[in-house]
Amino acid sequence: MSATIADILAARLNKALPESPFAADLPEGFVAQVDQAQNRQFGDYQSNAAMILAKQVKRNPREVAAAIIEAFDGGEVSEAPEIAGPGFINFRLKTTFLEEKLSQLLADEEKLGVPVAEKPLTIVADFSAPNVAKPMHVGHIRSTIIGDSLTRIADFLGHEVIADNHIGDWGTQFGMILWGWKNLLNEEALESDPIPELLRIYREVNARTKDDESLREDCKNELVELQGGNEENLAIWERCIDLSKIGLQKIYDRLDINFDLWLGESFYNDRLAPLVESLLAAAIAEESDGAICVFFPDEKQLADKPALIRKSDGGFLYATTDLATIDYRIEELKADAIWYVVGAPQQLHFDQIFRIAKQRGQKADLQFIPFGSILGKDRKMLRTRSGDTVQLADVLDEAVERALKIVDEKNPDFSDEEKQEIAEIIGIGSVKYAELSQYRMTDYIFDWDTMLALKGNTAPYLINAYVRTRAIFRKLGSDFVKEGEPTLTADAEKDLTLKLAQFAETVPAVLSDFRPNTLATYLYELAVAYHRFWEACPVLKEEGAVRETRLALCELTGRVLRCGLGLLGIRTTEKM
RNA sequence: GUCCCCGUAGUUCAACGGAUAGAACAAGGGUUUCCUAAACCUUAGAUACAGGUUCGAUUCCUGUCGGGGACGCCA
């Protein structure tokens, strides 16, 4: 039941190979692939098997294709395949097969045809991970949104996913914050809105340290006191974290994002010293210039790039915490895989700690899932410290505001609450879709109009397609009830049905290279197919089987859009 | 100096070695007795450069140019 169309065709194609005249020359273990056709004029699915085989069996590709087709049995599934171009084998699905598919998909309300993973894994997903005491800015948007989407997709495919927010709650920035808290804090401002006040003192101190050697020293001492367990400093630190978490949670609530765990850097403090000792004992790490390092002499690329795990003053580093985190996730959380949705600049760091983990015998599948940078107008990476970055909360506010304007314009008769609710869904959805619809490695320059666009290939286009499916049933006055078997007549119906069936092929493919944009593209194409169907095929005017079939298509499109958008973390609305 | 990522229509983005490189925005033309026109139809427009690998290259390899980034005591 859960086999995809591509799987079904591939199975039939591979059954044909040993029956063809060149069966004896077939390379050991050759498996023919079948893919969605790139251009519908060539059919629904295609295979390049003949062109690959042609070389091995020393025959003309078109001859090979002809021989394969001869032995191929399309059964209930496919019409007789055609050979085209240099030797493509093109498949066209039988209408009766599409009708059967449509019935099956309607019956699979939960998974909509998507096959679940054969081997469910326990996956720890590490994303977002903001520093406390600073508000999230646009730079955090990528990790947060991409990580959340991958988490939702893995969960949907049957994996056990643990979303862990590895917040930066123990860095050197606390030296500055502690000093600022003691010397510059405005209690009133802190009471009314804590995060901006924490940011203000951080920036103030940071600016002052630029040309004040003794202040730098004072900040460092505050940090040493904190790390040494000074009670006053610990109390301030804890308060700081609590306030920050409240602020962060507000944003996550608005984004509809949940974490199972919030194990920040401080959680691993007690594990760092023993970890370094064990690395020394295992002769993986060694002393160098007073610091403890791990060298990678066997790797050309890393030969001159050691990882530092303990400073000469005894302090621990980023790599140390991350190694301890890996241990915890594997040993305590029983992770089979750990996914890090982190900016591309950290490539070297993760390369290093993954190697060290491997040297220590850790078996889990460690995945660095990088994304490109968001640049300022000067084409440079955005920096928190420069102070001119746009805050994430402001982006969301602006997005909702822009959406509200249009909602108001288009639907003056909706109530204010309704308008606000819809604007929230569309505004936030647009920000997420803008991010998820492009390849994650692409760098981009932050631009309000690009990120908050509401026209064209954007969230509202997809949400509108969903809204149109709901409009039908609102007019009908009842929910969908399946009656009889579907009958596909119009081309727009067949195109839409095929698209709907391909949801099953799209979702698992996202995880093969962690590319939510492939799902976004699919959903856009599905929406296009539905809008075309809408124009070409009236539903409620029709009668009998045609009407039933069209209602079924509306229903299923609605389900797939809602589910698929949900996997991107985007909510839908019934009206807009 | 070493290494990593990126270079596609005027602009913002697609295309996990496949056929005639897809969209959207911006520009031009059209569609509303019909279930939401936030829609549909339609016109024009691009792979930085030079080699190589192969049946086939935007994709892989080498080099050049251009942009961003990382590299022993920040995270």
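Letters go in sequence order (proteins before strands), and every chain restarts at 1.
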- prompt: A/Tyr530 vs A/Phe533 aromatic rings, parallel, tilted or perpendicular, using cut-offs 30° and 60°?
  reply: tilted
- request: Check the distance between B/C71's C1' and A/Phe350's CZ and give it to me in whole angstrom.
  value: 16 Å
message: Applying the 5.5 Å / 30° rule, does A/Phe42 stack onto the base of B/A19?
response: yes
- prompt: Expressed in angstrom and rounded to an integer, what is the separation of A/Asp289 atom CG from B/C73 atom P?
  reply: 10 Å
- prompt: Does a side-chain N or O from A/Lys311 land closer than 4.0 Å to OP1 or OP2 of B/C74, or not?
  reply: yes
query: Quick one: A/Asp322 CG to B/C74 C1', roughly how many Å, whole number?
result: 13 Å
message: In whole Å, I'd like the distance from the CZ atom of A/Phe296 to the C1' atom of B/G72.
response: 12 Å
message: Please determine whether a side-chain nitrogen of the Lys or Arg among A/Arg40 and A/Asp495 lies less than 4.0 Å from a carboxylate oxygen of the Asp or Glu.
response: yes
field: B/U20 phosphate, OP1 or OP2, under 4.0 Å from A/Arg40 side-chain N/O
entry: no
- prompt: Closest to the A/Ile52 side chain: B/C4, B/A75, B/G18?
  reply: B/G18
Phosphate contact (B/A15 OP1 or OP2) by A/Asn517 side-chain N/O below 4.0 Å: yes
Polar side-chain contact A/Asn90-B/A19 base: donor and acceptor under 3.5 Å: yes
query: Atom CZ of A/Phe368 and atom P of B/C3: how far apart are they, to the nearest Å?
result: 19 Å
query: Taking a pair as Watson-Crick or G-U wobble with both distances under 3.5 Å, which nucleotide is matched to B/C40?
result: B/G30
query: For B/C41, does either OP1 or OP2 sit under 4.0 Å from a side-chain N or O belonging to A/Arg532?
result: yes
message: Could you identify the nucleotide paired to B/C25, looking across every strand shown and requiring Watson-Crick or G-U wobble geometry with both distances under 3.5 Å?
response: B/G10
field: Nearest-Å distance once atom C1' is located in both B/C74 and B/G51
entry: 44 Å
query: Taking the six-membered ring for Trp, are A/Tyr461 and A/Tyr524 parallel (under 30°), tilted (30 to 60°) or perpendicular (over 60°)?
result: tilted
task: Among the candidates B/U20, B/G18, B/U54, find the nucleotide nearest to the side-chain atoms of A/Lys55.
output: B/U54
message: Measuring to OP1 and OP2 of B/A26, would you say a side-chain N or O of A/Lys455 lies under 4.0 angstrom away?
response: yes
task: Indicate whether OP1 or OP2 belonging to B/A14 is found under 4.0 Å from a side-chain N or O atom of A/Thr442.
output: yes
task: Using a cut-off of strictly less than 4.0 Å, decide whether A/Gln38 has a side-chain nitrogen or oxygen near OP1 or OP2 of B/A19.
output: yes
- prompt: Considering every strand shown, what is the Watson-Crick or G-U wobble mate of B/C16 when both distances are under 3.5 Å?
  reply: none
- prompt: For A/Asp351 and B/U2, what is the distance between atoms CG and P respectively, to the nearest whole Å?
  reply: 19 Å
query: So, do A/Phe88 and B/A19 meet the stacking rule of ring centres under 5.5 Å and planes under 30°?
result: yes
- request: For the residue pair A/Phe350 and A/Phe368, categorise the inter-ring angle as parallel (less than 30°), tilted (30 to 60°) or perpendicular (more than 60°).
  value: parallel
query: For the pair made of NZ in A/Lys541 and C1' in B/U32, what is the distance, rounded to whole Å?
result: 12 Å
- line: Of the candidates B/G67, B/C35, B/G18, the side chain of A/Arg379 sits closest to B/G67
- request: If the plane angle is over 60° it's perpendicular, under 30° parallel, otherwise tilted; pick one for A/Tyr328 and A/Phe267.
  value: perpendicular
field: Opposite nucleotide pairing with B/U53, Watson-Crick or G-U, both atom distances under 3.5 Å
entry: none
Per A/Tyr461 side chain, nearest of listed nucleotides B/A14, B/A38, B/C40: B/C40
message: Taking the P atom in each of B/G22 and B/C16, what is the distance between them to the nearest angstrom?
response: 14 Å
message: With a 4.0 Å cutoff (strictly under), does any side-chain N or O of A/Tyr439 reach OP1 or OP2 of B/U8?
response: no
statement: Paired to B/G45 by Watson-Crick or G-U wobble criteria (both distances under 3.5 Å) is none
field: Nearest-Å distance once atom C1' is located in both B/U59 and B/U2
entry: 26 Å
B/C3 pairs with, by Watson-Crick or G-U criteria that keep both distances under 3.5 Å: B/G69
query: So A/Tyr340 and A/Phe354, would you call those rings parallel, tilted or perpendicular, with 30° and 60° as cut-offs?
result: tilted
message: Ignoring hydrogens and geometry beyond distance, is a side-chain donor-acceptor pair present between A/Asn517 and A/Ser437 at under 3.5 Å?
response: no
field: Rounded interatomic separation in angstrom, taking CD from A/Gln438 and C1' from B/A24
entry: 13 Å
